[in-house]
Participant: 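Take this structure first; my questions come after.
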Protein chains: 2
Amino acid sequence: MAHKPRSEMIAETRAKLIAAARAAFGTVGYADASMDDFTAAAGLTRGALYHHFGDKKGLLQAVIAQIDAEMNERLRIVMQKAPTRWQGFIDESIAYIEMALEPEIQRIVLRDGPAVLGDPTSWPSQNACLRDMTENLRLLAEEGTIVATDPEATAQLIIGATLNASLWIAKAPDPEVTSKKAIQATKALLEGLLVASSSPRIEGGSPNIRGI
Amino acid sequence: MAHKPRSEMIAETRAKLIAAARAAFGTVGYADASMDDFTAAAGLTRGALYHHFGDKKGLLQAVIAQIDAEMNERLRIVMQKAPTRWQGFIDESIAYIEMALEPEIQRIVLRDGPAVLGDPTSWPSQNACLRDMTENLRLLAEEGTIVATDPEATAQLIIGATLNASLWIAKAPDPEVTSKKAIQATKALLEGLLVASSSPRIEGGSPNIRGI
DNA sequence: GGTAGATGCATACGCTGCGTATGTCAATGA
DNA sequence: TCATTGACATACGCAGCGTATGCATCTACC
């Protein structure tokens with residue numbers, strides 16, 4: 001068979017390295033993942049890694065970028081499906097909690113990432129998610145659904161809250177029950193932002209799209 | 001001069017190791033802190049470290065325990081000074097944001113700690129802080145000040161929110177302005193928990209004990 | 001289409017840093 | 001005073017990272 005074009009081979013190598021690293025980082029963690037081991041698992045050596053990503057950190061960045069892109073896409077879909085802006089906002093927060101329950105995301109993006117690469121708010125991908133929520137909050141305040149606060153600050157608070165909720169659920173002995181509690185509490189907290197006149201706190205909270 | 005009693009020498013050695021490690025972890029971070037270097041800085045060797053703390057992780061645990069004890073003490077004082085339970089709750093959250101701005105706390109407790117030792121909610125010291133806030137929320141709900149939600153879940157959300165706010169402030173180009181925004185938004189979010197009848201949202205929010 | 005240059009990736013080497021095994025000396029207690 | 005415990009240092013081995021170098025293959029230009 002004829003050889004594939006070089007650019008395609010390169011992309012494949014990069015993808016293999018990212019996939020192997022993602023698996024290793026997600027299971028044993030960044031610090032305990034041996035570059036020799038997981039490059040070998042991909043049928044390569046550290047030479048390829050250093051060539052493409054500079055160092056171990058560079059590879060972690062690439063892995064996180066990939067995962068983050070997937071997360072953003074999933075959140076985008078959730079938002080798109082929601083009937084109202086407010087409902088989309090609630091759904092997005094809950095979806096974020098659910099995603100952060102996945103061990104790979106927890107380990108790589110939420111734990112090792114910040115420790116190795118520094119503050120996540122300066123990552124390009126993370127900024128996309130934040131920007132979306134900020135804009136959403138701004139519009140919600142503008143249309144009078146929620147009280148007027150600094151939208152970016154509120155977005156930071158909400159992201160932090162949901163993130164921590166995920167970690168809490170993940171380590172809880174009964175994740176099912178804990179998850180319900182967390183989601184209920186999250187709704188209560190978010191509904192506190194509603195202006196009292198337009199949308200009083202509803203008994204039982206807003207409906208849950210996933211029945212969790 | 002006569003030698004100090006042995007137990008005193010031992011405590012001193014432990015204290016010196018913890019102090020040296022704390023300085024190293026707080027500046028260059030856990031991963032880049034060489035045990036040879038900071039034990040030497042304390043006038044000791046790795047032998048002492050392994051004898052007292054087992055390994056590098058054990059020393060990190062000890063450092064975190066020390067910092068956490070200091071944090072809890074500071075929070076306790078803030079709570080004690082507050083005129084009402086609700087005000088104490090607000091003040092505590094703000095104090096938490098302020099503390100998490102300190103580089104040493106951020107680096108050691110908030111970033112490296114979780115990455116190296118795993119979920120913070122399973123740390124004994126962290127649990128103390130959480131337990132206090134949970135109890136506080138339970139009482140606030142009981143006395144009818146805030147809406148009824150699962151107090152533990154809500155505490156987790158609030159801690160996560162404030163924690164993330166700190167990280168956000170720390171990396172912001174203008175921490176002063178950002179800090180004000182974050183604190184305002186935090187108050188708005190927390191005041192959303194108040195039951196509408198007893199304590200309507202007050203123009204300007206609750207007073208700020210530190211004038212930030 | 002043949003040759004020169006560039007580039008993807010492997011191999012080889014040195015260095016740093018952790019953990020353990022062993023040694024030594026001082027303090028305690030009978 | 002002597003035996004024993006325990007605090008701490010020293011010595012060694014090993015894993016893992018980063019770099020320098022080498023090789024083979026693809027592209028570019030004439």
Side-chain angles (χ1 to χ4, degrees), chain A residues 1-63 108 112-113 115-118, chain B residues 1-63 108 112-113 115-118:
Chain A
M1 66 184 199
H3 287 189
K4 292 179 184 177
R6 169 165 260 216
S7 60
E8 204 169 310
M9 296 295 291
I10 295 169
E12 202 171 305
T13 297
R14 284 181 61 96
K16 277 196 284 190
L17 283 173
I18 290 177
R22 181 169 171 169
F25 294 163
T27 50
V28 299
Y30 176 83
D32 290 339
S34 162
M35 296 166 74
D36 280 320
D37 288 353
F38 67 74
T39 50
L44 295 159
T45 68
R46 282 186 301 127
L49 192 158
Y50 279 99
H51 182 74
H52 284 291
F53 301 100
D55 60 355
K56 203 180 178 184
K57 280 187 184 181
L59 182 53
L60 178 62
Q61 274 183 337
V63 169
I108 302 177
D112 288 340
V116 177
L117 303 178
Chain B
M1 67 184 201
H3 288 190
K4 292 178 184 177
R6 167 165 264 217
S7 60
E8 203 169 311
M9 297 295 290
I10 294 169
E12 201 171 307
T13 296
R14 285 182 60 96
K16 277 196 285 190
L17 283 173
I18 290 177
R22 181 169 172 169
F25 294 164
T27 50
V28 298
Y30 175 83
D32 289 340
S34 161
M35 295 166 73
D36 279 320
D37 288 353
F38 65 73
T39 51
L44 296 159
T45 68
R46 282 186 302 128
L49 192 159
Y50 278 100
H51 182 75
H52 285 291
F53 302 99
D55 60 355
K56 202 180 179 185
K57 280 188 185 180
L59 182 53
L60 178 61
Q61 274 182 337
V63 169
I108 301 178
D112 288 339
V116 176
L117 304 177

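Per chain, numbering begins at 1; letters A, B, ... match sequence-line order.
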Participant: Rounded to whole angstroms, how far apart are CG on A:D32 and P on D:dC17?
Facilitator: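 Atom-to-atom, A:D32 to D:dC17, this comes out as 10 Å.
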Participant: Of all the nucleotides listed (D:dA9, C:dG8, C:dC18), which has the minimum atom distance to the side chain of B:M35?
Facilitator: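 Ranking D:dA9, C:dG8, C:dC18 by closest atom to the B:M35 side chain puts C:dC18 first.
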Participant: What integer distance in Å separates B:L59:CG from C:dC18:C1'?
Facilitator: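 In whole Å, C:dC18 C1' lies 14 Å from B:L59 CG.
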Participant: Side-chain N or O of B:H51 less than 4.0 angstrom from OP1 or OP2 on D:dA7?
Facilitator: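 For D:dA7, OP1/OP2 do have a side-chain N/O of B:H51 under 4.0 Å.
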Participant: Just how far, in rounded Å, is P of C:dA10 from CG of A:D36?
Facilitator: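 In whole Å, C:dA10 P lies 12 Å from A:D36 CG.
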Participant: Provide, to the nearest angstrom, the distance between the CG atom belonging to B:D37 and the P atom belonging to C:dT16.
Facilitator: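 Going from B:D37 (CG) to C:dT16 (P), I get 11 Å.
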Participant: Atom NZ of A:K16 and atom C1' of C:dA10: how far apart are they, to the nearest Å?
Facilitator: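 Interatomic distance, NZ of A:K16 to C1' of C:dA10: 14 Å.
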Participant: Considering every strand and a 4.0 Å limit on heavy-atom distances, what is the contact class for B:L44: base, sugar-phosphate, or nothing?
Facilitator: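 Sugar-phosphate: the residue B:L44, judged by heavy atoms under 4.0 Å, touches backbone atoms but no base.
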Participant: Taking only the side-chain heavy atoms of B:Y50 (C-beta and beyond), determine which of D:dG18, C:dC9, C:dG19 contains the nearest atom.
Facilitator: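 Of all the options, the side chain of B:Y50 is nearest to C:dG19.
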Participant: Of all the heavy-atom pairs spanning A:K57 and A:L117, show the shortest one and how long it is.
Facilitator: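 Heavy atoms of A:K57 and A:L117 come nearest at O-CD2, 4.0 Å.
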Participant: Evaluate A:K56 against A:Y30 for side chain to side chain contact (heavy atoms under 4.5 Å, CB included), listing each step before the verdict.
Facilitator: CA-CA 9 Å; A:K56 203 180 178 184; A:Y30 176 83; 3.3 Å; yes
Participant: Tell me, do B:Q61 and B:F53 make a side-chain contact under 4.5 Å, heavy atoms counted?
Facilitator: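 B:Q61 does not reach B:F53 side chain to side chain.
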Participant: Would you give the length of the straight line joining atom NE2 of B:H51 to atom CG of B:L44, rounded to the nearest 0.5 angstrom?
Facilitator: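 Going from the NE2 atom of B:H51 to the CG atom of B:L44 covers 12.0 Å.
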Participant: Quick one: is D:dC8 close enough that its OP1 or OP2 comes under 4.0 Å of any side-chain N or O from B:T13?
Facilitator: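 For D:dC8, OP1/OP2 do have a side-chain N/O of B:T13 under 4.0 Å.
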Participant: To the nearest Å, give me how far apart OH (B:Y30) and C1' (C:dG17) are.
Facilitator: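 Spelled out: OH on B:Y30 to C1' on C:dG17 is 12 Å.
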Participant: How many Å lie between CZ on B:R14 and C1' on D:dG6, as a whole number?
Facilitator: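 Result: 15 Å.
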Participant: Hey, is the side chain of B:R46 pairing donor to acceptor with the base of C:dG17 inside 3.5 Å?
Facilitator: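 A donor-acceptor contact between them is absent.
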Participant: Of the options D:dG16, C:dG17, C:dC9, whose atoms approach the side-chain atoms of A:S34 most closely?
Facilitator: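 Of the candidates, D:dG16 comes closest.
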Participant: Which heavy atom in A:V63 sits nearest to a heavy atom in A:I18, and how many Å separate them?
Facilitator: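 It is CG2-O, 3.8 Å.
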Participant: With a non-hydrogen cut-off below 4.0 angstrom, is A:A33 in contact with a base, only sugar-phosphate, or nothing?
Facilitator: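 It contacts sugar-phosphate atoms only.
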Participant: Can you tell me how far C1' of C:dT20 sits from NZ of B:K56, to the nearest Å?
Facilitator: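 Result: 17 Å.
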